[in-house]
Amino acid sequence: MAREVPMPRLSDTMEEGRVLQWYKQVGDSVAKGELLAEIETDKAVMDLESVEEGTLLQLLVAEGGSAALGAPIALVGDASELGSEAAAAAPAAESAPATAAAQPSAAASDGGPPPTSFAPQAAGQETGARQDTGRIKASPLARRIAAEQGVDLSQIAGTGPGGRIVKDDVENAARTAAAAEDPAAMPSETEVASPSRMQATIIRRMLESKTTVPHFYLTMEVDMSAAKAMRAEVNAAWSEEERISYNDIVIRATALALMRHPDANGSYRDGGFVYHQAANIGIAVAVPEGLLVPVLKNCDTKPLRQLAVEAKVLAERTRQGRNRPGDLEGGTFTVSNLGMFGVRDFYAIVNPPQAAIIAVGAIEPRPVVRDGEIVARDIMYLSISADHRILYGAPAAEFLRDLKDLLENPYNLLI
């Protein structure tokens with residue numbers, strides 16, 4: 001019997017998803033855990049793994065088409081069902097031109113019902129911006145700009161993760177083409193572009209946070225001299241993949257401090273307070289179209305070297321736009337670090353429904369007074385932005401003080 005493949009929940013704010021690419025076509029066998037499709041959510045592009053086993057009978061949403069959370073996007077069943085479940089699909093797939101699969105149907109783009117099938121993609125191995133299926137790898141924003149400016153994506157070498165074509169690639173190609181046609185042509189002084197799905201989500205959530213969450217801010221100065229020495233010592237002894245960054249140290253210290261301060265590890269949700277038993281810390285990661293916050297789970301129970309390994313893998317997966325289901329949800333607290341850019345201190349925006357977020361600045365040598373003498377120490381500024389509905393001034397200050405103490409006595413983080 002045919003079984004529906006629903007549009008899965010791939011992020012905690014997802015309401016619908018867009019099918020960017022089908023890795024399988026009608027008639028292909030499908031195994032559990034095998035990649036079935038590439039899905040764009042409001043936060044990232046993720047691979048959908050099949051939870052069914054059998055034969056792909058129908059594709060209910062074309063590439064480029066969208067479906068609501070939980071809506072069926074494909075049918076999987078026994079190969080013997082192909083005749084009854086997808087009889088109408090086979091002739092269309094055989095007669096339609098191979099390029100038809102690369103574009104959504106008129107019904108899909110106009111908001112009408114999705115087609116039941118469409119032509120399989122052209123076969124063959126290609127390099128650069130094309131994947132093995134022959135489909136050009138490009139961000140949704142890049143595709144939109146290319147369509148508006150008449151740019152042929154197949155002629156562009158992508159500079160994004162995995163050779164993906166991004167916005168800048170398309171705009172550079174358009175300028176080059178314009179200059180070739182008219183050497184005197186000058187770039188426009190203005191540019192108007194619509195936000196991508198991810199950017200629209202960021203706009204909505206940040207506006208919601210700043211207008212509905214009563215923020216307050218506290219800053220402390222942390223002496224990172226001992227942490228700097230500890231980091232150099234352990235990195236000399238540990239393998240390359242286990243080597244820790246200052247951000248790893250902050251994450252581990254934050255997790256331990258959160259266990260002492262339940263309010264800081266809580267959420268204000270639906271008019272009530274929710275207190276979390278584990279420290280699931282979101283790490284802000286810059287991506288081409290904005291900012292994503294993948295979540296490191298159970299940071300309070302994992303040793304520092306394990307956190308370092310997991311953080312590297314998670315951040316790289318996020319930068320490449322290959323997050324897995326669950327990577328972007330379940331956070332109880334967030335750490336945002338701009339220290340690597342030389343930013344001394346800043347205030348971040350609370351990530352609802354979390355109670356607070358820590359902003360981490362650069363570590364810089366500064367003159368300080370120790371035992372009546374002026375000495376140089378490695379100083380870092382930590383700022384907390386908090387939701388005053390669940391976390392108040394004194395408890396927030398106590399949390400920040402304990403975090404400072406852990407960072408200034410870093411060998412306790414190795415226990």
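Environment of CG in D152: crowded, with over 12 heavy atoms of neighbouring residues, nucleotides or ligands closer than 6.0 Å. The neighbour count for Q277 CD, taken as heavy atoms of other residues, nucleotides or ligands under 6.0 Å away, does not exceed 12. Within a 6.0 Å radius of NZ in K302, other residues, nucleotides and ligands contribute more than 12 heavy atoms. For CD of E208, the number of neighbouring non-hydrogen atoms (other residues, nucleotides, ligands) closer than 6.0 Å is greater than 12.
Rounding to the nearest 0.5 angstrom, the gap separating the CD1 atom in I145 from the CG atom in D169 is 10.5 Å. R3 contributes atom CZ, which lies 8.5 Å from atom CG of D78 (distance to the nearest 0.5 angstrom). Note that CG of L60 and CE of M7 are 10.5 Å apart. Values are rounded to the nearest 0.5 Å. Here the straight-line distance linking atom CG of D248 with atom CD of E310 works out to 10.5 Å at 0.5 Å rounding. For the atom pair CE (M230) and CD1 (I249), the distance works out to 4.0 Å, reported to the nearest 0.5 Å. R252 CZ to N412 CG: the interatomic distance, rounded to the nearest 0.5 Å, is 10.5 Å.
Taking the side chain as every heavy atom from C-beta outward, L328 and V295 never approach each other to under 4.5 Å. Between L20 and E63 there is no side-chain heavy-atom pair separated by less than 4.5 Å. Put simply, the side chain of P353 does not reach to within 4.5 Å of the side chain of Y268, judged on heavy atoms. Here the side chains of M198 and V287 are in contact, with some heavy-atom distance below 4.5 Å. Side-chain contact check for I244 versus W238: some heavy-atom pair is nearer than 4.5 Å. Between L414 and V234, some side-chain heavy-atom pair lies under the 4.5 Å cut-off. Looking only at side-chain heavy atoms (C-beta outward), I357 and F333 stay at 4.5 Å or farther from each other. Put simply, the side chain of I349 reaches to within 4.5 Å of the side chain of K210, judged on heavy atoms.
Looking only at distances, a side-chain donor or acceptor of S225 sits under 3.5 Å from a matching main-chain atom of D378. Remark: the backbone N or O of E316 is not paired with any side-chain donor or acceptor of R322 at under 3.5 angstrom. The backbone N or O of A2 sits less than 3.5 Å from a side-chain atom of E81, completing a donor-acceptor pair. A distance-only check finds a donor-acceptor pair linking the side chain of N265 to the backbone of H276 [under 3.5 Å]. In this structure, Q354 contributes its side chain and T334 its backbone to a donor-acceptor pair below 3.5 Å. Distance alone, capped at 3.5 Å, is enough to place a donor-acceptor pair between the R18 side chain and the G64 backbone. With hydrogens and angles disregarded, no donor-acceptor distance shorter than 3.5 Å links the side chain of R319 to the backbone of L314. Proximity of a side-chain donor or acceptor of H215 to a complementary backbone N or O of V213 within less than 3.5 Å is detected. The main-chain N or O of A37 is never found under 3.5 Å from a side-chain atom of K24 such that the two would form a donor-acceptor pair. A donor-acceptor contact shorter than 3.5 Å is absent between the side chain of E241 and the backbone of V309.
Heavy atoms only, all atoms of each residue included: L291 and A286 are closest at CD1-N, 3.9 Å. Closest approach of K312 and E240 over heavy atoms only: CE-O, 4.4 Å. When every heavy atom of A173 is checked against every heavy atom of V151, the shortest pair comes out as CB-CG1, 4.1 Å. Across all their heavy atoms, K167 and A142 have their closest contact at N-CB, 3.9 Å. Looking at every heavy atom in both residues, L36 comes nearest to W22 through O-CE3, 3.5 Å. Across A31 and S50, no two heavy atoms sit closer than the pair O-CB, 3.7 Å.
N409 and D405 share a donor-acceptor pair across their side chains, judged by distance under 3.5 Å alone. N280 and T332 share no donor-acceptor pair across their side chains, judged by distance under 3.5 Å alone.
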Practice task
Before giving the answer on side chain to side chain contact (heavy atoms under 4.5 Å, CB included), spell out for L48 and E38 the whole-Å C-alpha distance, their side-chain angles and the decisive distance to 0.1 Å.
Solution key: CA-CA 6 Å; L48 168 62; E38 184 180 49; over 6 Å; no

Exercise for the section: Check step by step if side chain to side chain contact (heavy atoms under 4.5 Å, CB included) holds for M259 and L256. Expected result: CA-CA 5 Å; M259 293 298 96; L256 296 181; 5.6 Å; no

Handout entry: Worked verdict on K137 versus I165 for side chain to side chain contact (heavy atoms under 4.5 Å, CB included)
Key = CA-CA 6 Å; K137 294 171 59 179; I165 297 171; over 6 Å; no

Practice task
For D300 and L258, run side chain to side chain contact (heavy atoms under 4.5 Å, CB included): C-alpha distance rounded to whole Å, both residues' side-chain angles, the deciding distance at 0.1 Å, then the answer.
Solution key: CA-CA 8 Å; D300 52 302; L258 287 173; over 6 Å; no

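Looking at residues two or more places apart in sequence or on another chain, you find a side chain to side chain donor-acceptor pair (under 3.5 Å) between Y347 and T219.
Exactly one residue among V368, V222, I363 makes a side-chain contact (heavy atoms from CB on, under 4.5 Å) with I379. That residue is V368. Under the side chain to side chain donor-acceptor pair (under 3.5 Å) test applied with N323, the options T318, D47, T41 reduce to a single match, T318.
A side chain to side chain donor-acceptor pair (under 3.5 Å) check over residues 359-374, counting only residues at least two apart or in different chains, returns the pairs D223-R370, E364-R366.
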Could you give the side-chain donor-acceptor pairs of residues 389-401 under 3.5 Å, partners two or more places apart or in another chain?
| from | atom 1 | to | atom 2 | distance (Å) |
| --- | --- | --- | --- | --- |
| R389 | NE | D387 | OD1 | 3.1 |
| R389 | NE | D387 | OD2 | 3.3 |
| R389 | NH2 | D387 | OD2 | 2.9 |

